[in-house]
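Each chain gets a letter, A, B and so on, in the order the sequences are listed, and its residues count up from 1.
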Protein chains: 2
Amino acid sequence: MANIQQVAKQAGVSVATVSRVLNGQNTVSSKTKTKVEEAIKFLNYEPSMLGRNLRNSESRIILILIPNISNPFYLDIIKGIENMALSQGYNILLCETDSNPDKENIYFDLVRKKMADGIVSMDPAVNVDTLKELARTYAIIQCSEYGGGIGIPYVTIDSEEASYRAVKHLIQIGHTKIALMNSDEKFLYARERKAGYQRALKEQGIALDKDYVIYTQELSFAHGQQAMKKILALQDRPTAVFAVSDLLAIGALKEINASGLHVPNDIAVVGFDKIDFSNMTNPTLTTVAQPMYKMGTTAAAMLIDKIKGREVDSVILDHELIIRESTSG
Amino acid sequence: MANIQQVAKQAGVSVATVSRVLNGQNTVSSKTKTKVEEAIKFLNYEPSMLGRNLRNSESRIILILIPNISNPFYLDIIKGIENMALSQGYNILLCETDSNPDKENIYFDLVRKKMADGIVSMDPAVNVDTLKELARTYAIIQCSEYGGGIGIPYVTIDSEEASYRAVKHLIQIGHTKIALMNSDEKFLYARERKAGYQRALKEQGIALDKDYVIYTQELSFAHGQQAMKKILALQDRPTAVFAVSDLLAIGALKEINASGLHVPNDIAVVGFDKIDFSNMTNPTLTTVAQPMYKMGTTAAAMLIDKIKGREVDSVILDHELIIRESTSG
DNA sequence: CTGAAAGCGCTAACAA
DNA sequence: TTGTTAGCGCTTTCAG
């Protein structure tokens with residue numbers, strides 16, 4: 001547990017010189033450098049980040065805010081953020097908010113108390129006012145979800161267009177009775193995905209049936225099952241379902257199977273997110289792929305730029321429709 | 001961005017007094033306390049953890065080492081660790097090692113460099129020598145997986161017994177031709193689960209068929225599929241499969257379905273871990289439940305004890321066999 | 001009950 | 001090329 005002083009003494013130089021060697025400055029003669037390196041090795045010295053961080057007024061930690069760690073949707077984004085962060089000497093603190101303001105506040109405190117240098121927020125339910133307030137002082141990026149027009153840079157995909165393409169695909173393979181399984185429209189992405197759904201229907205002259213639009217409280221398997229139950233109970237049952245999340249869609253799949261109907265012959269299903277499990281279901285799930293990993297690296301790079309005081313602009317990434325068994329029996 | 005000096009000046013007291021108020025010491029008169037609190041509010045002061053951490057030689061961060069963030073197995077353990085940590089004023093840094101020594105080393109460095117106060121390791125493939133070496137100086141707990149006898153405290157379940165019960169269940173419902181889908185036996189849990197499998201067979205006088213023991217390189221869906229392919233190709237096909245992980249079992253399920261056979265009528269399947277998705281498959285999966293959340297809280301509590309310099313003993317928690325559709329048509 | 005002052009381990013401006 | 005020294009923001013003796 002040696003410190004820089006002891007290394008300096010051991011090497012017979014000053015702490016400044018040791019610090020220079022530590023930080024790879026080339027203003028040190030190779031002789032002294034060797035001496036210092038030997039002393040470091042001899043004493044088994046490891047520089048303390050606590051001292052360095054205080055001195056530099058930085059923590060080299062970035063916060064990732066997600067509503068729920070169990071949602072596989074976030075996995076690849078997180079990996080992207082982490083790898084980019086690591087490559088720039090940052091570490092990530094993964095924070096599950098449960099969309100609970102108290103828990104959010106614990107994590108916001110971390111940046112207020114200088115224990116974190118910035119935040120990548122992926123929580124659509126986060127307290128937007130607090131976030132906006134924080135963003136005035138601290139580096140914050142919104143990822144995947146963004147509360148439009150609150151002036152925080154974001155990275156996302158074009159949800160409206162993605163939704164439009166998914167529904168158009170269903171129409172092209174012959175469906176006209178298409179249900180939408182959506183989130184609460186308090187979320188921007190929910191409004192955008194509904195808009196895309198409507199545009200596709202309208203373009204093909206299909207009237208919007210209000211009964212075909214079902215809202216769920218959560219993007220979970222169980223809520224997908226529940227919603228599908230309602231859809232199956234409809235008088236004029238739709239022949240296709242577009243769910244705004246794979247977890248919902250997988251719940252729907254299960255429910256359809258349980259009712260003795262066949263996917264896709266009786267009802268076709270499209271999900272959204274391309275989580276790993278969407279390829280493990282029976283049948284495999286047609287879904288919209290977001291470039292998760294890239295979203296993560298982009299968000300991290302933007303955040304680090306912001307931390308360093310540089311200007312950053314929002315980014316919209318591409319998406320892709322993955323056609324699999326649930327729409328092509 | 002006020003600091004403690006400015007608060008002291010504003011309140012007309014010394015920094016020591018401010019610090020006392022901050023830390024809730026009751027050696028401050030209520031008058032001065034009020035003055036200080038007003039100054040804090042007035043200046044919008046937030047104490048910096050960088051300063052405090054350096055002074056206290058602690059980071060209040062604990063590391064969680066997992067091989068792969070995508071494995072749902074770890075989710076509840078992580079939640080348990082996090083909640084316990086939070087309640088004690090610690091934050092968690094989630095570290096995915098990819099079972100890659102270089103990446104492990106990045107994270108080990110965090111504790112060497114005082115950026116983390118301790119480690120909960122859940123990586124069975126972690127470099128045991130390094131871990132052992134680190135454990136001499138730093139607080140380390142092994143969770144769920146442990147490399148026996150290396151002197152690091154651990155929390156886990158009795159894998160041998162759990163495996164024994166799972167296999168016994170299969171025997172009780174009439175199976176005698178039972179395959180074991182196992183991990184590489186370099187992992188202790190793999191050896192223990194095999195031992196439980198053997199004990200159950202032996203107890204019932206069923207001879208061990210070497211062809212029925214299949215090893216997979218990874219605990220993943222894809223590897224479960226592959227392994228199941230091999231099992232299905234066997235001359236004398238087993239009527240039941242016990243997989244040491246739900247992900248393997250779900251892969252097996254998919255493969256059996258694809259081959260036109262029926263679960264459980266043709267082949268019964270048992271998994272291990274009770275991940276969320278084990279209840280979403282068709283049919284739902286019989287599996288062994290580990291008390292994940294409790295494992296997490298226990299590990300965190302043990303680690304914090306260790307950080308504070310207290311003695312800690314290893315813990316073995318209970319498990320439970322969850323019988324569902326994949327073994328009871 | 002309160003204040004002065006030392007120091008946690010490090011970096012960087014300035015001087016030599 | 002190297003050393004001296006002043007902090008970064010906080011906690012905690014020790015004195016009063």
Side-chain angles (χ1 to χ4, degrees), chain A residues 1-40 43-61 89 109-117 137, chain B residues 1-40 43-61 89 109-117 137:
Chain A
M1 298 293 196
N3 63 19
I4 199 171
Q5 312 262 9
Q6 293 165 26
V7 175
K9 181 183 257 181
Q10 172 75 26
V13 298
S14 74
V15 292
T17 300
V18 177
S19 177
R20 287 183 188 110
V21 173
L22 251 27
N23 294 289
Q25 272 165 274
N26 44 10
T27 65
V28 183
S29 78
S30 55
K31 267 177 264 167
T32 14
K33 195 172 163 191
T34 316
K35 272 196 298 180
V36 171
E37 280 163 350
E38 278 167 357
I40 288 174
L43 291 171
N44 236 311
Y45 166 71
E46 297 276 358
S48 156
M49 302 198 70
L50 296 176
R52 170 180 305 183
N53 288 347
L54 173 59
R55 172 63 218 220
N56 295 347
S57 297
E58 62 174 13
S59 62
R60 299 237 140 217
I61 285 181
D109 260 0
L110 250 32
V111 43
R112 296 195 188 99
K113 293 188 193 303
K114 312 266 194 308
M115 201 49 204
D117 294 342
T137 316
Chain B
M1 299 292 198
N3 63 19
I4 199 171
Q5 311 263 9
Q6 294 163 28
V7 175
K9 182 183 256 178
Q10 172 73 24
V13 298
S14 73
V15 293
T17 301
V18 178
S19 175
R20 287 186 187 107
V21 173
L22 252 26
N23 294 289
Q25 273 166 270
N26 44 11
T27 64
V28 182
S29 78
S30 56
K31 267 177 265 169
T32 13
K33 194 175 162 186
T34 317
K35 272 196 298 182
V36 171
E37 279 162 350
E38 279 166 357
I40 287 175
L43 292 171
N44 236 313
Y45 167 71
E46 298 275 358
S48 156
M49 303 198 69
L50 295 177
R52 172 179 303 183
N53 288 348
L54 173 59
R55 173 63 218 216
N56 294 346
S57 299
E58 62 174 11
S59 63
R60 298 234 141 225
I61 285 181
D109 260 0
L110 251 34
V111 44
R112 294 194 189 101
K113 292 187 193 305
K114 312 268 192 308
M115 202 48 207
D117 294 343
T137 316

Closest non-hydrogen atom pair, A:V15 against A:A8: N-CB, 3.7 Å
Touch class at under 4.0 angstrom, heavy-atom based, for B:L54 against every strand present: base
Side chain to side chain donor-acceptor pair (under 3.5 Å) partners for B:E58, two or more places apart: B:R60
Touch class at under 4.0 angstrom, heavy-atom based, for B:V18 against every strand present: nothing
Nearest-nucleotide comparison on DNA chain C, the residue closer to the 5′ end among B:R55 and A:E46: B:R55
Donor-acceptor contact below 3.5 Å, side chain A:T34 vs main chain A:S30: yes
Nearest-nucleotide 5' precedence on DNA chain C, B:A16 against B:N56: B:A16
Separation between OG of B:S57 and NZ of B:K114, rounded to the nearest 0.5 Å: 8.0 Å
Residue pairs fulfilling salt bridge (charged side-chain N to carboxylate O under 4.0 Å, His left out) with at least one residue in residues 4-33 of chain B, sequence neighbours excluded: none
Heavy-atom closest pair, residues A:K35 and A:G12: NZ-O, 4.5 Å
Interface limits on DNA chain C, where chain B has a heavy atom under 4.0 Å of a nucleotide atom: C:dC1 to C:dG9
Contact summary for A:R52 and A:P47, nearest pair of heavy atoms: NH2-CB, 4.3 Å
A:I61 and B:I61, any side-chain heavy atoms less than 4.5 Å apart: yes
Any B:I4 side-chain heavy atom under 4.5 Å of B:L22 side chain: yes
Spacing of CD1 belonging to A:I40 relative to CD belonging to A:E46, to within rounding of 0.5 Å: 9.5 Å
For DNA chain D, the residues among residues 19-28 of chain A that have a non-hydrogen atom under 4.0 Å from it: A:R20, A:T27, A:V28
Shortest non-hydrogen contact from B:N3 toward B:Y45: C-CE1, 3.6 Å
Minimum heavy-atom distance between A:R112 and A:D109, given as atom pair plus value: NH1-OD1, 2.8 Å
First and last nucleotide of DNA chain D, 5' to 3', lying under 4.0 Å from heavy atoms of chain B: D:dG9 to D:dT13
Closest non-hydrogen atom pair, A:S59 against A:N53: O-ND2, 3.7 Å
Overall bend - the helix from C:dC1-D:dG16 to C:dA16-D:dT1, comparing terminal axes fitted on five pairs, nearest 10 degrees: 40°
